[in-house]
Structures are given as C-alpha cells and as structure tokens.
Amino acid sequence: MTALQHLAVGSRTLVQLAEPDDFEAWRERARVLVQGDVPPERIAWVEPGGSGDLFASAGGAGQQCLPVAPADAPPVRANRRFVQLARNALLHRDPERFALLYRLLWRLQATPRIMEDRADPDIRRVEELAKAVRRDNHKMHAFVRFRLVESGEGDEAGEASEHYVAWFEPEHHILRANAGFFMRRFANMRWSILTPAGSLHWDGAVMHEGPPAQRGDAPAGDPMEDLWRTYYAAIFNPARLKVGAMLKEMPRKYWKNMPEAALIPELIAGAQRREAAMVDAGALEFAERPETLAAIDTAIHACRKCPIGALENHAVMGEGPQDATQGFSGLMIVGEQPGDQEDLAGRPFVGPAGQLLDRHLEKAGIDRGGAYVTNAVKHFKYVQRGKSRLHQNPGAKEIDTCRWWLEGERAVVRPRLVLAMGASAARALLGKTVSISKARGAPLALEDGSELWITAHPSYLLRLDGEARTTQAALFDADLAAVKARLTELCA
Ligand code: URA
C-alpha cells in the first residue's frame, strides 16, 4: 500500500494513512489539504487498518481525487507547540485524532495564536491525547521486562548469542516511537519487544519490525527474575508507599510481566512494620535516584520524603523536550511548586501564573515549547479553607529535600541555561537562600557547567498592582530578554 490513500466520495474526501502512527505522512497530507483549501468538514479521516471495506465500497462510488495546491499557495503555518503536541496526540488510539488535528491546523492558519488558548476545546482535547500518550510512553519505559530466551555457544567471534524478549501491551500506537529509546538503552543486547500491534527486533546493529504477537510468544520466566526481585526488594522503601498512588502509577495490568511485582502484596503487607523499623533506624533515605524522566515521574508520585507528599495531591513532573531531537532549546525554567490548577491538571504552569509567564516569554521571544519547565518542589503545599486550597510556601527543608528530584531532571535534560523564578527555585539550584533583587541580571555558574539566571516568580507580579506591577513587570521582561540573548549565544 502507498503511504496514504485518498478518495473523493460524494462531497467528502476520504483520507487514510497507511500506518496509525505515521506523523510525517499525516503532516504531508494535511499540508496538501490545507493548501488545496479543503475545509475539515469535507474530509473523512479513516483509521488505518480496520477500514479496507470502506475504501473498497467507496472505490466504486468515488474517484481518485488528490487535491493539487496552487503553485502560489502560502506555506502552511504550524508553530512548534502544535507540532510537538500533534506528534504525540497522533499516536493516541482515538480514531478522531486525525480529524481533530486537521481541524486545529486549519484553524491555526486564520488564528496563529490559538495554541495559547488553553480553554479552547480542541486544544484541550489535543493536550489530553498527548498527555495520555506520554503516560503510555512512561509506562513502557518503566515496565518493559526482558527475559532471556536463548543463550547459545556464541558466534564466530566468540560473542555470546543471548536473546532477550519482552511482552508489552501499550494502550496507544507508541511502539515505533519508542524504538530509539530501547535501542539506546539496550544497545549491546539482542532483544525483541512483542506487542499485540507489532514487534521490534534489535540485533545489536539493525532494528527490524515484525508482525503482531501474542503473549504466549514471549517466555514466562528466567533466572534474571531473581535478580529483578532482589533489586526491587532492595530499593523498595515502605515509607514512600501509598497504595492508591502506586496502583495508579503501576496498574495491575502490567504486573503480570514484571517479575518483581510478585513481591508487591508481600511488601505492602509488611510495609508498616518495616517503615517503623526504618524510622527507628534512621534509614529513610532513597536508595538510588532514577535515571530517566519516566522513572523520576513514577518515583515522585510515591515520594513521601517530606510532609507535602502526604497531602491529598498529585506530584507534578516537569515537562518539555529532553533533547535536541525533541526540539530542546537548552533552557530549563524552574518555578516554586505546582499550584491548585497544576495539581489538578498534572502539568506545571498552566494556571494564572503560567498564563502570565507565557505572555512574558512570548514577549521576550522565548518559545516555551522548546524549554523544559519544572518546579523546585513537586507537590502542591496548601491548607484547606472551606472548599479552597490555599497555597503555602514550601519551607527550606522541603525545598532541600525535593532538590533530589530536580537534580535528577537536570542530569537527564542537561540544560545549558537554567532560569530560576523566585526564591524557592533559586534555593533549589544553589542550596542556599539568596535575595532575588541582588542575584538577578547576571549569570551564576552551576557545578555541571550550565548557567543559572535568577528572576522573580510570576505569581509575585500577579500580587502587585499599579506602578509596582509595571515596574516589576519591566524588570521581569528585562531578565527574560537577557536570558534569550544569552541562550542564543550559548547555542550558536
Ligand atoms: N507556580 C509555580 O511555581 N509553579 C507552577 O507550576 C505553577 C505556579
């Protein structure tokens, strides 16, 4: 089959991609359709795979009709935020995703700023899809478990011919998109990942795609499982256990593929007893810090190392590209902690402070989509007053405790420039309290070679009025302009 099929039937144009996860094919088709001036309501996007009949019957009635864009058609606008969201959202299993993305792209042509409108139902839906896909990616990174199926005598060069196989059931079309992650991580192993939608096979040099598989095609157990179980029991910290949160992060459906999960009921049962013993022994330390964003995300949800984590709230992980291939600009922006809306949405800086930040970033010419945005403290600290949850500043001890996770994010993302907004963020980066008014306007060197720039927190601006607000907003703009200029220099 060609990359894409396209027919006109009646007044509607049927478009079908060859693959459910081929963003580039969708993008190319959408570009031609926009330039051919075909409005969203005239297109029926058909889910790849299950609709051969539709095309067969349509074939009789319709005719081949590829729109041809006029030679002078203007280029199609799609800003970085749209492309980033669309890349992920397209991997969602929702059959409406192609139409939704096209509608948004179509609207973007007339209203370029539409991506900033977080209340827009299309934007919200695309964000939801993208988030679900990111979650599925995280689950795959965290829960794929390889099992040894073959351990031969070795090849001519004397290399052992071990082959590891994992079974995984993704919720969305994420298998191909994650090939690079597993290839980099297990570059020296020969492995296969089998799923009901297709399989990946890495021989140490070349990646092959294979057909869908069944659970029975993957082996059930091997001696490595003892190692997994020992490792998991060693890093399991009962003091951080919240069963509801753990089940949310590690749903039972993944347990069957994870040897260490066999230990979970037993570990939960013994958790309280062990926690008390650990408190007595003063041993409430983290054994090892996870080394991927996905694993940090999972771990912060279970983190109970300070009292904020024990409130009824959610951990909010940083978000944004993590390397140049994902469009990372080298900038990490650090705030204080998620607020009420961030806690509910599970994303940093989406509430009033985030909206103000977005406006100032845009004014400075800084693309938020190219930055990794996170917080010094990962949980929302609040006091309940009636129905409201009132923000509380995190204490120095809480910031210092949560620094562990921020350092983990920095180690993965490796920013060239870190912008700390507000005193809590500055403390998290420097390990000591500094005065914003003294520290702003010039870079400080961080131990990993990156530069730290400090400015005020946007919530501070929100609390001011009149002249004070104008003055502080101008200082904030000046800081952001300096950051933009420096980032451009650093990345030149
Ligand atoms: N304030 C912050 O510091 N971080 C957020 O994510 C939102 C508000």
Side-chain angles (χ1 to χ4, degrees), residues 81 116 118-119 124 127 130-131 134 293 296-297 300-301 303 306 308-309 311 313-321 331-362 366 368-383 388-403 405-410 413 415 418-430 433-434 436 439-440 452-464 469 472-473 475-476 479-480 483:
R81 173 144 178 79
E116 289 160 32
R118 293 220 151 93
R124 287 173 82 108
E127 281 180 340
K131 183 170 180 188
R134 286 200 304 271
L293 294 181
I296 294 174
D297 191 4
I300 59 174
H301 282 81
C303 180
C306 84
I308 314 180
L311 289 168
N313 56 18
H314 305 111
V316 177
M317 181 66 182
E319 71 172 19
L331 173 65
M332 174 183 260
I333 301 177
V334 184
E336 181 195 67
Q337 60 168 338
D340 184 62
Q341 294 200 28
E342 286 76 17
D343 176 49
L344 297 175
R347 296 183 49 217
F349 281 106
V350 292
Q355 286 156 22
L356 184 67
L357 173 65
D358 287 350
R359 290 200 289 279
H360 284 277
L361 288 175
E362 191 180 357
I366 298 175
R368 171 167 169 168
Y372 184 85
V373 180
T374 190
N375 280 301
V377 171
K378 304 295 186 241
H379 284 93
F380 173 37
K381 182 175 179 185
Y382 65 91
V383 281
S388 308
R389 300 190 297 173
L390 301 185
H391 166 275
Q392 300 271 287
N393 290 329
K397 215 162 158 215
E398 289 154 348
I399 296 168
D400 294 347
T401 304
C402 221
R403 206 173 166 207
W405 300 122
L406 181 62
E407 281 173 2
E409 289 174 289
R410 283 174 57 207
V413 176
V418 181
L419 174 65
M421 301 190 304
S424 300
R427 182 177 176 99
L429 271 307
L430 290 171
T433 299
V434 293
I436 302 294
R440 73 192 316 170
L452 173 65
W453 289 68
I454 295 176
T455 188
H457 193 285
S459 301
Y460 170 60
L461 302 185
L462 282 177
R463 290 195 295 272
L464 300 173
R469 169 86 174 251
Q472 288 303 323
L475 287 173
F476 191 58
D479 287 345
L480 294 187
V483 161

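Quantities reported herein were computed from a predicted structural model and do not represent experimental measurements. Computed from heavy atoms alone, side chains included, the values below leave out hydrogens, waters and symmetry copies. For ligands, and for the atoms within them, numbers begin at 1 and follow the listed sequence.
The neighbour count for Arg124 CZ, taken as heavy atoms of other residues, nucleotides or ligands under 6.0 Å away, does not exceed 12.
Looking from atom 5 (C) of ligand 1 to the surrounding protein, the closest heavy atom is Gln337 O, 3.3 Å. Closest to atom 4 (N) of ligand 1, if we only count protein heavy atoms, is Asn375 OD1, 2.7 Å.
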Next on the checklist: Applying side chain to side chain donor-acceptor pair (under 3.5 Å) to Gln337 and His391, what does each step give before you reach the verdict?
Outcome noted: CA-CA 10 Å; Gln337 60 168 338; His391 166 275; 2.9 Å; yes
Next on the checklist: salt bridge (charged side-chain N to carboxylate O under 4.0 Å, His left out) for Arg368 and Glu319? Distances and angles first, verdict last.
Outcome noted: CA-CA 10 Å; Arg368 171 167 169 168; Glu319 71 172 19; 3.8 Å; yes
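For ligand 1, the atoms lying closer than 4.0 Å to a non-hydrogen atom of Pro348 are 6 (O). Near Gly335, with a cut-off below 4.0 Å to any heavy atom, the atoms of ligand 1 are 3 (O).
Arg427 pairs by the salt bridge (Lys or Arg N to Asp or Glu O under 4.0 Å) definition with Asp400, not counting sequence neighbours.
Using a 4.0 Å cut-off between heavy atoms, Glu336 contacts ligand 1 through both its backbone and its side chain.
For the pair Thr455 and Val483, the minimum side-chain heavy-atom distance is 4.5 Å or more.
Contact between His457 and ligand 1 is present, with at least one heavy atom of the residue lying under 4.0 Å from the ligand.
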